[in-house]
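The structure appears below as structure tokens.
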Amino acid sequence: MPQLDRLILHPLTGKIFLGLLASVYLVYLVAFGRFLTTSLSTLSGTIIEHPVETSSGVVLTHWTAASMEHATDADLLISHAADLTQGSIDTSAGKAAQQQGEPPRNENLSYPVSTVGKLFFTSATGQDLACSGTAVLSKNHSVVDTAGHCVYWHGDWVQNMIFCPLYENGSTPFGCWAARDLEAPSDWVDARPGDYHHDFGMAIVAPNSEGLLTDLVGGAGWAYNQPVTQPFYAYGYPAAHPFDGQTRQSCEGSLGTTRQHGGGTVVSIPCNMTGGSSGGPWFIQISGNWYLNGHNDFISILQPGHMFSPYYVYTWYALYTRAQQT
């Protein structure tokens, strides 16, 4: 090892070598920092955030028992046959990931349905509407998962949104929570007509008089990039005929099927829920634990009697990551 010996024996050479090594390391740190910054900005750049300007107190007073009862169901989107073809999961989309949820403190509440609730909101044109949603485990204890078209409706953000978990016939045991922020992926906000494969949306709610949302009703676990050929358990508050939106309905144990739609993958299950159920959760079970892995989103004339969900991929996770930090 003569060359190495010379480096060690001659202090000046050693200093030069160490200086060069330090310079290379500095360049590496700068490059890595730029890469990390670019990655984070790319992640956050895919999500569009809409802070709610109206105070939660004002939003909650907008919703009386009468206004809730008369809120119109947010129509399920309808896909035409040409927009839906046989498909499969893109295995390059990334590895499967999951996070176990947290049941409610009250053991008398049944988990995970304790996290399911009804969403009320007002469109930009002033129409009171209703969807469904799910309280999700999150760092801020305040995230509600739903469909993108329940937060960004016909080209504009909705107003006066509240989430009422365990809603039934006009009542909810813990009251309702008002949204303080709405978020959706940019490729939903900017989606071409008829493309629902990234119809994701989330509301971040302010505490109500009872406290933080998931402290009361629990937070659903989540999963993405999961196998589709397994049983799904769908819940929601369908309001269009033959339902009235006053009680939670379900389609349990239905096997999923993949389809290609718009620019990506969607999943269908046999289910007869109607408008108003949009945004309601699809749960799967892994090793005895429940995970959110889809939501009621649209129906298709190609498969009557079926409900479709966007396939939960990294885009959903990026939205969730942003929401739980808001």
Side-chain angles (χ1 to χ4, degrees), residues 60 62-77 101 103-104 106-122 127-136 144-147 149-150 158 160-179 201 203 205 208 210 213-214 216-220 231-254 269-285 290 292 294-299 305-309:
L60 288 169
H62 172 85
W63 293 104
T64 63
S67 61
M68 287 183 182
E69 182 180 355
H70 293 102
T72 305
D73 59 278
D75 293 335
L76 280 170
L77 303 174
N106 186 339
E107 295 180 355
N108 294 323
L109 296 178
S110 179
Y111 175 84
V113 294
S114 61
T115 66
V116 183
K118 190 165 182 177
L119 283 166
F120 295 93
F121 54 93
T122 307
Q127 182 183 15
D128 285 343
L129 300 167
C131 270
S132 302
T134 315
V136 185
V144 177
D145 182 78
T146 188
H149 67 267
C150 296
V158 304
N160 300 324
M161 175 170 278
I162 61 171
F163 177 64
C164 305
L166 295 164
Y167 178 92
E168 185 172 1
N169 293 313
S171 65
T172 179
F174 304 109
C176 301
W177 279 259
V205 297
N208 71 2
E210 297 287 333
L213 174 62
T214 62
L216 275 293
V217 301
F232 286 86
Y233 298 78
Y235 298 90
Y237 288 85
H241 181 79
F243 307 101
D244 62 4
Q246 296 304 303
T247 58
R248 184 183 64 238
Q249 302 295 320
S250 65
C251 298
E252 300 188 359
S254 302
I269 59 171
C271 187
N272 65 346
M273 281 194 274
T274 60
S277 66
S278 288
W282 290 14
F283 294 118
I284 59 174
Q285 199 170 28
W290 293 99
L292 174 69
H295 65 250
N296 303 315
D297 199 271
F298 68 95
I299 57 176
H306 284 68
M307 180 70 71
F308 286 78
S309 168

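What you find for Gly101 and Tyr111 is that their closest heavy atoms are CA-OH, 3.4 Å. For the residue pair Thr115 and Val217, the shortest heavy atom distance occurs at CG2-O, 3.7 Å. Summarising the geometry of Leu216 relative to Glu210, their closest heavy-atom pair is CD2-O, 3.6 Å, with the distance given to 0.1 Å. For the residue pair Ser250 and Glu252, the shortest heavy atom distance occurs at OG-OE2, 3.3 Å. Of all the heavy atoms in Ile162 and Ala178, the pair that sits closest is CG2-CA, 4.0 Å. Shortest non-hydrogen contact noted between Pro281 and Val116 is CG-CG2, 3.6 Å.
Between the Ser132 side chain and the Gly276 main chain, a donor and an acceptor come within less than 3.5 Å of each other. Listed for the Trp177 side chain is no donor-acceptor partner under 3.5 Å among the backbone atoms of Pro165. No donor-acceptor distance shorter than 3.5 angstrom exists from the side chain of Ser277 to the backbone of Gly280, with no hydrogens or angles considered. A donor-acceptor pair under 3.5 Å is formed between the side chain of Ser254 and the backbone N or O of Pro270. For Thr274 (side chain) and Ala240 (main-chain N/O), a donor-acceptor pair under 3.5 Å exists by modelled atom type.
Two residues are said to be in side-chain contact when any heavy atoms from C-beta on lie closer than 4.5 Å; Ile284 and Tyr233 fail this criterion. For the pair Met68 and Tyr167, the minimum side-chain heavy-atom distance is below 4.5 Å. Taking the side chain as every heavy atom from C-beta outward, Asp128 and His62 approach each other to under 4.5 Å. Under the 4.5 Å side-chain criterion, counting only non-hydrogen atoms from C-beta, Leu109 is in contact with Leu166. Contact check for Met273 versus Cys251: side-chain heavy atoms found under the 4.5 Å cut-off.
For the residue pair Asn296 and Ser278, no side-chain donor N or O sits within less than 3.5 Å of a side-chain acceptor on the partner. In this structure, a donor-acceptor pair under 3.5 Å is absent between the side chains of Gln246 and Tyr237.
Looking at residues two or more places apart in sequence or on another chain, you find a side chain to side chain contact (heavy atoms under 4.5 Å, CB included) between Ala239 and Asp73. By the ring pair (Phe, Tyr, Trp, His ring centres under 6.0 Å) test, Phe163 is found to be paired with no residue, residues two or more places apart in sequence or in another chain being considered.
Note that the CH2 atom of Trp63 and the CD atom of Glu69 stand 12.5 Å from one another [nearest 0.5 Å]. Note that CD1 of Ile299 and NE2 of His306 are 12.5 Å apart. Values are rounded to the nearest 0.5 Å. With rounding to the nearest 0.5 angstrom, the OG atom of Ser114 is 11.5 Å from the CG atom of Asn108. To the nearest 0.5 angstrom, Lys118 atom NZ is 12.5 Å from Thr146 atom OG1.
Ring pair Phe283/Trp290 is perpendicular by interplanar angle, where above 60° counts as perpendicular and below 30° as parallel.
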Could you give me the CA-CA distance, side-chain angles and deciding distance for Met161 and Phe120, then say whether side chain to side chain contact (heavy atoms under 4.5 Å, CB included) is met? CA-CA 5 Å; Met161 175 170 278; Phe120 295 93; over 6 Å; no
Please lay out, stage by stage, how Cys176 and Asn208 fare under the test side chain to side chain contact (heavy atoms under 4.5 Å, CB included). CA-CA 7 Å; Cys176 301; Asn208 71 2; 5.9 Å; no
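Of the options Leu292, Ile269, Thr134, a side-chain contact (heavy atoms from CB on, under 4.5 Å) to Trp282 is made by Ile269 and by none of the others.
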